[in-house]
K.L.:
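Take this structure first; my questions come after.
One-based numbering, in listed order, for ligands and for the atoms of each. No experiment lies behind these values; they were computed from the predicted model shown. Just so you know, residue 1 is the first one in the sequence shown, and it goes up from there.
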Amino acid sequence: MALLIVGLIPLGLYMQDLPLSPQKLQLYSWHKWAGVTVFMLLWVRVAARLAWPPPPLPWQMSRWQQQAAHAGHLALYLLMLAIPLSGWLMSSAKGVQTVWFGILPIPDLIAKDKALGAQLAELHALLNWTLMAVLAAHVAAALKHHWIDRDNVLTRMLPSGAAPLPPERS
Ligand code: HEM
């Protein structure tokens, strides 16, 4: 999902400035297909998180750091929901139905409305800039845990499992 999302951002920024051409329309389709895929995968992700809750955060983290981490994770989930949804609503309002990978027609959520479509495009862009800010903080925090705090917050995401915590500092 991270790869899809991180790829969708530059694709979205690039495609919209292109002059109208078959290539532009193709890129729009790929963007929408990948975005709808993120929307579908989100539900698998939410189910997996409910079934296998993450381990507790390291005890060394202060209360405000733990609250900031939880708020950041909640923001990422909300944005993973709101961004594809705003794209889907925008496409519906612009009257361009999404046909997932050219096979599965995704129903339009609202009727065609050009003015609303333009507003939803602005909302889609705003949510994406918010995502970029939250992602930057998320990556910076993960690197801080790894290189400065030297705890297992980053390594525990690897398939090989969590690395042992460093010994308690006196
Ligand atoms: C996680 C999923 C998605 C991400 C990260 C994403 C990201 C972006 C970004 C960064 C832009 C450029 C915004 C700007 O600066 O104006 C954009 C534009 C756009 N996105 Fe998405 N998008 C996602 C999902 C979707 C979905 C599901 C759809 C439609 C079904 C969609 C349709 C569009 C369209 C039509 C534009 C061009 C808007 C215009 O021409 O004004 N996006 N997207």
Side-chain angles (χ1 to χ4, degrees), residues 1-54 67-146 153-154 156-159:
M1 284 186 77
L3 284 178
L4 271 178
I5 293 169
V6 170
L8 273 162
I9 296 174
L11 176 59
L13 293 169
Y14 171 72
M15 68 184 194
Q16 61 179 0
D17 289 333
L18 292 175
L20 188 60
S21 65
Q23 189 210 5
K24 176 171 179 148
L25 298 179
Q26 183 64 70
L27 292 180
Y28 266 61
S29 292
W30 287 345
H31 180 89
K32 289 160 78 168
W33 299 343
V36 169
T37 307
V38 169
F39 186 76
M40 292 172 174
L41 287 175
L42 176 65
W43 303 109
V44 180
R45 189 184 182 92
V46 168
R49 189 171 166 125
L50 291 175
W52 297 283
Q67 284 171 342
H70 290 311
H73 298 156
L74 179 65
L76 285 174
Y77 274 92
L78 291 176
L79 288 163
M80 281 192 286
L81 173 69
I83 292 175
L85 200 55
S86 63
W88 183 2
L89 285 164
M90 177 213 318
S91 289
S92 306
K94 289 189 173 185
V96 190
Q97 194 192 16
T98 306
V99 183
W100 193 57
F101 289 99
I103 303 169
L104 182 70
I106 308 289
D108 280 338
L109 293 177
I110 45 177
K112 188 171 174 180
D113 180 336
K114 224 176 152 191
L116 182 61
Q119 283 176 343
L120 286 165
E122 278 179 31
L123 177 67
H124 192 65
L126 180 71
L127 290 170
N128 269 294
W129 287 106
T130 310
L131 174 67
M132 285 182 237
V134 178
L135 271 183
H138 180 69
V139 171
L143 294 178
K144 176 188 174 285
H145 277 284
H146 192 66
V153 164
L154 188 62
R156 73 185 191 174
M157 285 191 285
L158 301 176

K.L.:
With the threshold set at under 4.0 angstrom, would you say F39 reaches ligand 1 through any of its heavy atoms?
P.N.:
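F39 does not count as a contact of ligand 1 under the 4.0 Å cut-off.
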K.L.:
Checking W100 against T37 for the side-chain hydrogen bond (donor to acceptor under 3.5 Å, both in side chains) test, could you report, in this order, the C-alpha distance in whole Å, the side-chain angles of both residues, the deciding distance, and whether it holds?
P.N.:
CA-CA 8 Å; W100 193 57; T37 307; 3.1 Å; yes
K.L.:
Within the supplied structure, the quantity of interest is the number of heavy atoms (other residues, nucleotides, ligands) at a distance under 6.0 Å from Y77 OH; does it exceed 12?
P.N.:
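Enclosed: over 12 neighbouring heavy atoms sit under 6.0 Å from OH of Y77.
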K.L.:
Tell me: protein heavy atom nearest atom 1 (C) of ligand 1, and distance?
P.N.:
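It is V38 CG1, 3.8 Å.
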K.L.:
Could you tell me which non-hydrogen atom of I9 sits nearest to which non-hydrogen atom of M132, and how far apart they are?
P.N.:
CG2-CE, 3.5 Å
K.L.:
Need the ligand 1 atom indices (1-based, order shown) with element for anything under 4.0 Å from a heavy-atom of V36.
P.N.:
27 (C)
K.L.:
Taking the side chain as every heavy atom from C-beta outward, state whether L131 and I5 have any atom pair closer than 4.5 Å.
P.N.:
yes
K.L.:
At what distance is the nearest protein heavy atom to atom 26 (C) of ligand 1, and which residue and atom is it?
P.N.:
G87 CA, 3.9 Å
K.L.:
Between L13 and ligand 1, which residue portion shows a heavy-atom distance shorter than 4.0 Å: side chain, backbone, both, or neither?
P.N.:
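It is both backbone and side chain that touch ligand 1.
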K.L.:
I need the nearest protein heavy-atom contact for atom 4 (C) of ligand 1: residue, atom name and distance, please.
P.N.:
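Protein heavy atom with the smallest distance to atom 4 (C) of ligand 1: I83 CG2, 3.5 Å.
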K.L.:
Counting only heavy atoms closer than 4.0 Å, does ligand 1 sit against the backbone of M80, its side chain, both, or neither?
P.N.:
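No part of M80 is near ligand 1 at this cut-off.
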K.L.:
To the nearest 0.1 Å, how far is atom 30 (C) of ligand 1 from its closest protein heavy atom, and which atom is that?
P.N.:
T98 OG1, 3.5 Å
K.L.:
In the protein, what heavy atom is nearest to atom 36 (C) of ligand 1, and what distance, to one decimal place, separates them?
P.N.:
M15 CE, 3.5 Å
K.L.:
Taking only heavy atoms of Y28 into account, list the atoms of ligand 1 that are under 4.0 Å away from them.
P.N.:
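In order of numbering, the contacting atoms are 35 (C), 37 (C), 39 (C), 40 (O).
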K.L.:
Which option wins on minimum heavy-atom distance to atom 17 (C) of ligand 1: Q97, K32, H124, M1?
P.N.:
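Comparing heavy atoms across Q97, K32, H124, M1, the nearest one to atom 17 (C) of ligand 1 lies in H124.
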K.L.:
Which one of E122, M90, H31 has a non-hydrogen atom at the shortest distance from atom 6 (C) of ligand 1?
P.N.:
H31
K.L.:
Taking side chain as C-beta onward, heavy atoms only, is L79 less than 4.5 Å from L135?
P.N.:
no
K.L.:
Can a donor-acceptor pair be found, under 3.5 Å and without considering hydrogens, that links the side chain of Q97 to the backbone of S92?
P.N.:
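No, the answer is negative, given that no donor and acceptor are paired below the 3.5 Å cut-off.
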K.L.:
Of the protein's non-hydrogen atoms, which lies at the shortest distance from atom 14 (C) of ligand 1, and what is that distance?
P.N.:
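Scanning the protein heavy atoms, the shortest distance from atom 14 (C) of ligand 1 goes to Q16 NE2, 3.0 Å.
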K.L.:
Go through ligand 1 atom by atom and flag the ones less than 4.0 Å from a non-hydrogen atom of W88.
P.N.:
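Taking each heavy atom of W88 in turn, ligand 1 has 29 (C), 30 (C) under 4.0 Å.
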K.L.:
Side chain of H124, backbone of I83: donor and acceptor closer than 3.5 Å?
P.N.:
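It does hold such a pair.
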K.L.:
Are any side-chain N or O atoms of K24 and backbone N or O atoms of L18, one a donor and one an acceptor, separated by less than 3.5 Å?
P.N.:
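Flag set: sc K24 to bb L18 pair under 3.5 Å.
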K.L.:
Kindly identify the option in I5, N128, L81 whose heavy atom sits closest to atom 8 (C) of ligand 1.
P.N.:
N128
K.L.:
For the side chain of D113 and the backbone of A115, is there at least one donor-acceptor N/O pair under 3.5 Å apart?
P.N.:
yes
K.L.:
Hey, is the main chain of W88 close enough, under 3.5 Å, to the side chain of S91 for a donor-acceptor pair?
P.N.:
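Absent.
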K.L.:
Do me a favour and list the nearest non-hydrogen protein atom to atom 2 (C) of ligand 1 with residue, atom name and distance?
P.N.:
L8 CD1, 3.6 Å
